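Each remark here refers to the structure printed beneath this line.
Labels below follow one simple rule: chain letters A, B, ... track the order of the sequence lines, proteins then strands, and each chain is numbered from 1. Since we're looking at a predicted model, the values are computed, not measured.
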Number of protein chains: 2
Amino acid sequence: MRPGTHRPSVPLEHRHVTRRIPQARDRGIPDATVARLPLYLRALNGLSERGTPTVSSEDLAMAAGVNSAKLRKDLSHLGSYGTRGVGYDVQYLIYQISRELGLTQDWAVAIVGVGNLGRALANYGGFASRGFRIAGLLDADPAVVGDRIAGLVVEHTDELESVIAGRAVSIVVIATPATAAQHVCDRVTEAGVTSILNFAPVVLNVPEGVDVRKVDLSIELQILAFHEQRKANGGPIMAEEWPGGVEQVNERSIGASS
Amino acid sequence: MRPGTHRPSVPLEHRHVTRRIPQARDRGIPDATVARLPLYLRALNGLSERGTPTVSSEDLAMAAGVNSAKLRKDLSHLGSYGTRGVGYDVQYLIYQISRELGLTQDWAVAIVGVGNLGRALANYGGFASRGFRIAGLLDADPAVVGDRIAGLVVEHTDELESVIAGRAVSIVVIATPATAAQHVCDRVTEAGVTSILNFAPVVLNVPEGVDVRKVDLSIELQILAFHEQRKANGGPIMAEEWPGGVEQVNERSIGASS
DNA sequence: GTGCCTTTGTGAAGCTACGCACAAAGTGAG
DNA sequence: CTCACTTTGTGCGTAGCTTCACAAAGGCAC
């Protein structure tokens with residue numbers, strides 16, 4: 001398209017090598033890529049179940065809902081696992097992605113907060129299927145402690161530290177009310193946990209080195225509402241900037257967030 | 001405060017601004033900004049409950065867990081709602097963000113799939129609190145239809161189209177098993193819904209103009225596992241490439257090529 | 001009014017991500 | 001072997017997001 005961009009075919013490896021070596025197995029896999037790897041893995045498992053031996057980047061990208069160039073670049077960060085003219089071996093690629101994501105080992109997960117959401121999570125099949133094992137269910141409510149859910153007996157949160165230490169829990173899912181989340185978070189990080197999946201609608205404060213991922217239903221809905229509104233009337237209404245009253249939004253309209 | 005609103009018929013280009021007119025109400029709010037607005041809103045509501053009248057970008061950014069420059073730039077996309085030397089009026093900013101997100105109007109939401117997750121969602125307080133009203137619960141299982149959950153009676157998915165049309169549902173939450181998700185998605189988009197929140201672990205295919213947001217527990221866990229593994233041993237093991245060695249491509253007992 | 005202090009709003013630089021387009025590398029036919 | 005064809009891996013231009021740093025703007029004291 002732009003012939004001018006084509007440089008004379010001079011060997012390029014004579015550049016100054018002050019930069020760090022790119023190295024196929026570089027530790028620096030972009031976050032955006034990491035976030036897509038599970039998607040590829042899921043698509044590959046679908047292909048595997050149907051017995052497909054190999055797949056092209058085009059087809060796999062289609063199944064995962066991404067651009068094929070992006071897929072190839074993502075996979076190139078793991079190594080050169082494809083065969084030109086053929087594609088990727090499905091089983092082999094499943095193994096490589098699984099290994100990169102750390103799914104070839106077993107992860108003990110504890111769920112704190114066994115309300116509606118906690119129960120749903122405990123019963124969710126997707127956990128066990130890929131190296132994640134629920135090692136404990138904990139709740140602060142004595143009425144819930146002792147219940148049997150998904151084959152586990154709910155324990156009291158007093159046991160939090162001993163459960164984490166005793167069962168080598170490395171990932172904690174927080175499904176408590178918003179008010180309890182930070183306290184639970186403090187305790188589990190103090191106990192050495194460095195990976196947290198938070199469902200409570202609060203911003204968790206964590207020490208350096210601790211990873212928090214957040215799942216927030218209410219935020220997702222609000223983002224949808226924004227786009228929906230824009231679709232409905234080419235953008236927000238230019239209406240008055242402050243509808244009459246002084247206190248039109250007051251305390252109790254929100255905050256019941258849990 | 002906003003001169004343009006007070007002089008609706010005055011051509012704006014007469015202002016002595018030589019640059020491109022930034023136009024406070026520019027339609028182009030970056031996606032990254034939109035995704036953070038709900039976060040600010042939540043932090044502001046917390047401040048509001050404590051009766052704080054104004055807040056600086058520094059404090060609000062702290063509460064929302066972001067950089068203060070980013071916060072200011074985000075807010076600047078909505079308009080110039082701060083006062084230099086003072087900060088932002090909490091109530092006023094709550095109103096402006098709510099309006100921009102479309103939360104000043106009522107959104108009817110239908111939840112399809114009333115399993116563990118669907119129940120958890122129906123009982124989740126965060127929905128009703130901010131302009132989102134659950135207008136229908138639907139499930140394909142006759143054993144569930146008729147149950148009363150969170151004040152609503154579960155209806156059969158046969159009623160999907162009539163519920164959507166009859167109750168002006170504009171956002172649908174899909175909490176069905178993965179196998180049913182695409183079918184439900186097809187039906188609701190056909191019925192005119194353009195905003196979907198998908199909890200099923202599949203990539204949904206939707207027509208142009210339909211917005212899908214995805215919440216996927218298993219993907220979040222896998223991302224955590226990746227980082228956890230890296231923390232544990234400075235990166236994935238460089239170990240053997242393929243543990244089984246020989247048996248790479250002998251899964252083709254099915255031969256389902258068509 | 002003048003001067004000082006605080007805090008916003010934003011230009012500009014740096015960084016990350018995306019996707020096109022194509023050379024390189026492989027397969028398979030003859 | 002050569003030739004034709006397929007598909008990967010990646011260089012590169014572009015677009016968008018983040019962060020810094022500072023001028024502009026408002027409040028307050030006097």
Given atom [atom1] of [X] and atom [atom2] of [N], what is their separation to the nearest angstrom?
| X | N | atom1 | atom2 | answer |
| --- | --- | --- | --- | --- |
| A:K73 | D:dT7 | NZ | C1' | 16 Å |
| A:Y92 | D:dT8 | OH | C1' | 15 Å |
| A:D74 | D:dT8 | CG | C1' | 14 Å |
| A:H77 | C:dC18 | NE2 | P | 10 Å |
| B:L75 | C:dG9 | CG | P | 8 Å |
| B:Y88 | C:dT7 | OH | P | 12 Å |
| B:K70 | D:dG16 | NZ | P | 17 Å |

For side-chain contact (heavy atoms from CB on, under 4.5 Å), just list the numbers for B:W107 and A:L224, CA-CA rounded to whole Å, side-chain angles, deciding distance to a tenth of an Å, and then say yes or no.
-> CA-CA 10 Å; B:W107 296 103; A:L224 280 178; over 6 Å; no
Please, which pairs that meet salt bridge (Lys or Arg N to Asp or Glu O under 4.0 Å) have at least one residue in residues 204-221 of chain B, sequence neighbours excluded?
->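 Qualifying pairs, neighbours excluded: A:R42-B:D216, A:R213-B:E220, A:E220-B:R213, A:K231-B:D211.
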Applying salt bridge (Lys or Arg N to Asp or Glu O under 4.0 Å), which residue pairs with at least one partner in residues 63-73 of chain B are found, sequence neighbours left out?
->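 Sorted pair list comes back empty.
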Under 3.5 Å, side chain of B:S56 to main-chain N/O of B:D59, donor-acceptor pair present?
->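 Checked: pair present.
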Is a donor on one side and an acceptor on the other found under 3.5 Å between the side chain of A:Q105 and the backbone of A:G131?
->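 Answer holds: no.
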Under a 4.0 Å heavy-atom cut-off, which of residues 57-69 of chain B touch DNA chain C?
->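 Heavy-atom cutoff 4.0 Å gives B:S57.
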Which ones in residues 30-45 of chain A lie close to DNA chain C, meaning a heavy atom under 4.0 Å from one of its atoms?
->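 Of all residues in residues 30-45 of chain A, the ones placing a heavy atom under 4.0 Å from DNA chain C are A:P30, A:D31, A:A32, A:R36.
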Can you check nucleotides 26-30 of chain D for protein contacts, nitrogen or oxygen pairs under 3.5 Å, and list what you find?
none

Any idea which heavy atoms bring A:L41 and A:L101 closest together, and the distance?
->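 Of all heavy-atom pairs spanning A:L41 and A:L101, the closest is CD2-CD1, 4.1 Å.
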Contact summary for B:V55 and B:L44, nearest pair of heavy atoms =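 The pair with the smallest heavy-atom distance is CG1-CD2, 4.2 Å.
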Could you give me the CA-CA distance, side-chain angles and deciding distance for A:I196 and A:I171, then say whether side-chain contact (heavy atoms from CB on, under 4.5 Å) is met?
-> CA-CA 6 Å; A:I196 295 175; A:I171 300 177; over 6 Å; no
Strictly under 6.0 Å, is that where the ring centroids of A:Y92 and A:Y81 end up?
->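 Ring-ring flag for A:Y92/A:Y81: true, centres closer than 6.0 Å.
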To the side chain of A:R72, which of D:dT10, D:dT18, C:dT8 is closest?
->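 Of the candidates, D:dT10 comes closest.
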Short side-chain donor-acceptor distance under 3.5 Å, A:S170 and B:E228 |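 Looking only at side-chain atoms, A:S170 and B:E228 do not form any donor-acceptor pair under 3.5 Å.
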Quick one: list whatever passes side-chain hydrogen bond (donor to acceptor under 3.5 Å, both in side chains) with A:D186, sequence neighbours left out.
->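 Only A:Q182 meet the side-chain hydrogen bond (donor to acceptor under 3.5 Å, both in side chains) criterion with A:D186.
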